[in-house]
Asks: 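Below are the structure tokens for one structure; questions will follow.
Owing to the predicted nature of the structure, the values given are computational and were not obtained by experimental measurement. Chain A is the first sequence line, chain B the second, and so forth, proteins listed ahead of strands; every chain is numbered from 1.
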Amino acid sequence: MTERQDKGGLERVAVIDFETTGLSPGIGCRATEIAVVLLENGRVAGRFQSLMNAGVRVPPDIERLTGISNAMLKAAPPADAVMREAAEFVGDTPLVAHNAAFDRKFWDYELGQFGRTRRQDFACTLLLARRLLPAAPNHKLGTLTRWAGLPATGQAHRALADAEMAANLMAHLTRVLRVQHGLDRVSHQLLCGLQKVAAKQVPEYLRRVTAV
DNA sequence: TGCCAGGCCCTCTTTAGGGCCTT
């Protein structure tokens, strides 16, 4: 464990969210907006947000979904410049995203456009919520936010609003681990281990962790 | 026109299929 860890809470993490032109860079989709929310001991310690111009057109259905238009991207800074700035903002801070498999693909792809590689793992609030909040009606980010009584953060499907929702959810999941499972510290390493454990094995995993 | 990805996870499973999630 090399990262800072705060007693009684969640160590510093960077919660990220991408808006994109589609579901995968493997089929030509690119990022259009990124937001990063630094969460430290359950509280927001910093924010980064920017549109980015990757030189691709936004399909009409995606423009309707996100509200991000081709005209907005035309005036946005180049994608590589934005990603360099985002990577600098994040540094070595462990990463978190909702459905991290999606954001990890775009993070890796956009960094790869200028020769950089990811240096840290992603924890996934979707996988963690499936294990820790099994009674939720579903595990969409918006549903979990409303179901858990977390604050509204603005327009859904914009990067900063979604990253703040995911950060609030991450803080809520930390509280669940502390209050319901007796953990006094929640590390990113623990979260990454927990999200790989089968749902039925979660109680045993947490008992083993708290016994150490 | 409609679909295009991919990992996770459950079940009527494991030599598979399909829903959930992200944009």
Asks: Spell out protein contact along nucleotides 16-23 of chain B as letters: B when the base is contacted, S when just the sugar-phosphate is, - when no protein heavy atom is under 4.0 Å; keep the 5' to 3' order.
Replies: ----BBBB

Asks: Could you tell me how far B/dC9 sits from B/dT14 if I compare only their C1' atoms? Round to whole Å.
Replies: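 About 14 Å, rounded to a whole number of Å.
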
Asks: How far, in whole Å, is B/dC20 from B/dT1 if one measures between their P atoms?
Replies: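 Taking atom P in both B/dT1 and B/dC20, they lie 27 Å apart.
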
Asks: In whole angstrom, what separates A/Asp108's CG from B/dG6's C1'?
Replies: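 Value for this atom pair: 14 Å.
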
Asks: Residues in side-chain contact (heavy atoms from CB on, under 4.5 Å) with A/Leu150, at least two apart?
Replies: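 With neighbours one apart ignored, the set is A/Thr145, A/Ala148, A/Asn168, A/Leu169, A/His172, A/Arg175.
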
Asks: Could you work out the separation of B/dT13 and B/dG18 based on their C1' atoms and round it to a whole Å?
Replies: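 Result for the C1' pair: 12 Å, nearest Å.
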
Asks: Measure from CD on A/Gln195 to C1' on B/dC8 and round the result to the nearest Å.
Replies: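 Taking atom C1' of B/dC8 as the reference, CD of A/Gln195 is at 11 Å.
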
Asks: Look at all strands and tell whether A/Arg30 reaches a base, only sugar-phosphate, or nothing, counting heavy atoms closer than 4.0 Å.
Replies: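 It contacts nothing in the nucleic acid.
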
Asks: On a whole-Å scale, what distance lies between the C1' atoms belonging to B/dT22 and B/dC4?
Replies: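 Approximately 15 Å lies between the C1' atom of B/dT22 and that of B/dC4.
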
Asks: Salt bridge check, A/Arg47 against A/Glu164: does any charged N sit closer than 4.0 Å to a carboxylate O?
Replies: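 Salt bridge flag = yes for A/Arg47 with A/Glu164.
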
Asks: How about NZ on A/Lys140, more than 12 heavy atoms from neighbouring residues, nucleotides or ligands closer than 6.0 Å, or not?
Replies: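 No, because the 6.0 Å sphere around NZ of A/Lys140 holds 12 heavy atoms or fewer from other groups.
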
Asks: Given a cutoff of under 4.5 Å between side-chain heavy atoms of I, L, V, M, F, W and Y, with clusters grown through shared members, what are the other residues clustered with A/Ile62?
Replies: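 Hydrophobic cluster check, A/Ile62: joined to A/Leu51, A/Val58, A/Ile68, A/Met72, A/Leu73.
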
Asks: So, OP1 or OP2 of B/dG6: does either fall under 4.0 Å of a side-chain N or O from A/Arg104?
Replies: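 False: A/Arg104 side-chain N/O out of range (4.0 Å or more) of B/dG6 OP1/OP2.
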
Asks: Which is true for A/Ala199 with a 4.0 Å heavy-atom rule: it touches a base, it touches only sugar-phosphate, or it touches nothing?
Replies: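 Answer is sugar-phosphate: A/Ala199 comes under 4.0 Å of backbone atoms only.
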
Asks: With A/Gln155, which residues qualify under side-chain contact (heavy atoms from CB on, under 4.5 Å), at least two apart?
Replies: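 So A/Gln155 forms a side-chain contact (heavy atoms from CB on, under 4.5 Å) with A/Arg158.
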
Asks: Can you list every pair that meets ring pair (Phe, Tyr, Trp, His ring centres under 6.0 Å) and has a residue in residues 59-80 of chain A, with sequence neighbours left out?
Replies: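 Non-adjacent pairs meeting ring pair (Phe, Tyr, Trp, His ring centres under 6.0 Å): zero.
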
Asks: What is the distance, to the nearest angstrom, from the NZ atom on A/Lys200 to the P atom on B/dC8?
Replies: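 Spelled out: NZ on A/Lys200 to P on B/dC8 is 18 Å.
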
Asks: Using the P atom as the point on both nucleotides, what is the distance between B/dG6 and B/dC12, in whole Å?
Replies: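 The answer is 29 Å between these two P atoms.
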
Asks: Each residue besides A/Val82 in its hydrophobic cluster should be listed here, by chain and number; the cluster joins Ile, Leu, Val, Met, Phe, Trp and Tyr at side-chain heavy-atom distances under 4.5 Å.
Replies: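 Hydrophobic cluster check, A/Val82: joined to A/Ile16, A/Phe18, A/Leu23, A/Ile34, A/Val36, A/Leu38, A/Phe48, A/Met52, A/Met83, A/Phe89, A/Val90, A/Leu95, A/Phe102, A/Phe106, A/Trp107, A/Leu111, A/Phe114, A/Phe122.
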
